[in-house]
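It should be emphasised that the depicted structure is a prediction, and the values quoted were computed from it without experimental measurement.
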Number of protein chains: 2
Amino acid sequence: MTLHDEGPVGADALDRVTWALRRAELAVTALKEQRLRSLGMAAAHYSLLIAVHVDPGLAGAELARRLNVTPQAVASLVTRLEGRGQLERRPHPRHRHVQELHLTDAGRDALRKADSVITEIEQQITEKLGAKDSTQLKALLGQVTDAIQQVQPAGPFSRPVTLRDDGTPG
Amino acid sequence: MTLHDEGPVGADALDRVTWALRRAELAVTALKEQRLRSLGMAAAHYSLLIAVHVDPGLAGAELARRLNVTPQAVASLVTRLEGRGQLERRPHPRHRHVQELHLTDAGRDALRKADSVITEIEQQITEKLGAKDSTQLKALLGQVTDAIQQVQPAGPFSRPVTLRDDGTPG
DNA sequence: GGTCGACTATCAAACGTTTGACATGGCGCA
DNA sequence: TGCGCCATGTCAAACGTTTGATAGTCGACC
């Protein structure tokens, strides 16, 4: 936009906020996945369980929007977790075609164990940063999210996108 | 670890650093994908191209490590980008079985356009935060990454993990 | 100089996800 | 009351990725 085109492309690429953001998120996700693995749970399962825990009776489509995945992916996960006896599908009282999602006791138990693992990671980070910096980091990250969603009204683009070989949208 | 087990699980889940981190990264990635889409390029392609641009002659396996994906995924992307004439495979001077990756002129051109889009997003963020906070955000994110890698020596777990239905590692 | 070890690249198969399309059911409006 | 509209959920297919296994090649050590 200004005069950054002068230098070689990507000269400052390694020193960008979005890169630091990506690397941090990648590292955290990888560690979560590793720790959760010993409990026989994937990060996606944890995300789904805790979302249902926070808002019991959630519908699959709504859940998909919150997790930024397609309803199909949610259905897949739900079927799996239901098979494990951790999640339960109940008919919606008003909308017959909709089904509510609820945690079973086994699901709550699994979530409790998984959450302690996640909490432990969270604590390792906050201890390293200190209370003050942790709070500010959260605030700054919130500003980033706001700045993005200000430009992009959280519409149909919040979900992943793929491209065909020729570049046309899939 | 201390006494957080008292309250209901996940009561503070929405106020965690790692959640703020994830949401911010998700938003940024989605926006990048959206903007890059109009150029017929996916974020993964951009990441690969810029990595090759920064370190020309990179081998596929090394590239895979840097991008935190498997060599297979890199090979898939490389084949595609090579088909578009943006990337080039050259024989390695010493190691016959290894192939160097280089950008073509078309690749450099595509990268330049893509990078301007990414830079624009970066600027929108830094403008919103201000120079000072942007710098600190980068520093804090760096601390998070360090804190994680301090526990997890960047070994074979830096790559994504999947789980089978029964919970055993795939 | 020959052999062991490590690394690179590639093939085949399984998995999970997105995409596209369709049937079902509730709700607003004329 | 009847009709169109929107949302939810599910099915079939395509895509991209990881996993597992194999062959080829260089460098080091004996």
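Of the candidate nucleotides C/dT17, D/dG16, C/dC27, D/dG16 has the atom lying nearest to any side-chain atom of B/R80. Ranking C/dG16, C/dC27, C/dT10 by closeness to the A/R94 side chain, first place goes to C/dC27.
In this structure, B/E33 places its CD atom 12 Å from C1' of C/dT18, rounding to the nearest Å. Rounded to an integer number of Å, the gap from CG of B/L77 to P of C/dT10 is 14 Å. Between the C1' atom of D/dT25 and the NE2 atom of B/H92 lies a distance of 12 Å, rounded to the nearest Å. When the C1' atom of C/dT18 is taken as reference, atom CG of A/N68 falls 14 Å away, rounded to whole Å. C/dC7 atom P lies 8 Å from atom CZ of B/R65, rounded to whole Å. Distance CG (A/L67) to P (C/dG16): 17 Å, rounded to an integer number of Å. Remark: P of C/dC7 and CG of B/L58 are 16 Å apart, rounded to the nearest angstrom. If you measure from atom CD of B/E100 to atom P of D/dT25, you get 17 Å, rounded to the nearest angstrom.
Listed by chain and number, the residues in a salt bridge (Lys or Arg N to Asp or Glu O under 4.0 Å) with A/R22 are B/E25 (sequence neighbours excluded).
With hydrogens and angles left out, the side chain of A/H97 and the base of D/dT8 share a donor-acceptor pair within 3.5 Å.
The side chain of B/R96 places no N or O atom within less than 4.0 Å of a non-bridging phosphate oxygen (OP1 or OP2) of C/dT8. Applying the 4.0 Å criterion to OP1 and OP2 of C/dT18, one finds that A/T70 has a side-chain N or O inside that range. Within the structure, every side-chain polar atom (N or O) of A/R89 is placed at least 4.0 Å from both OP1 and OP2 of D/dG9.
A/Q99 comes within 4.0 angstrom of sugar-phosphate atoms only, judged by non-hydrogen atoms across all strands, and of no base.
Nucleotides of DNA chain C nearest to B/V98 and A/H95 differ in position, and the one nearer the 5' end is that of B/V98.
Between the CG atom of A/L87 and the CZ atom of A/R80 there is a distance of 13.0 Å, given to the nearest 0.5 Å. To the nearest 0.5 Å, the span separating OG1 on A/T104 from CZ on A/R84 amounts to 12.0 Å.
Every pair passing salt bridge (Lys or Arg N to Asp or Glu O under 4.0 Å) that includes a residue from residues 53-63 of chain A is listed here, sequence neighbours excluded: A/D55-A/R66, A/E62-A/R65, A/E62-A/R66.
Connection of A/L49 to A/L77 is established within a shared hydrophobic cluster, with ILVMFWY side chains joined at heavy-atom distances below 4.5 Å, either directly or through further cluster members.
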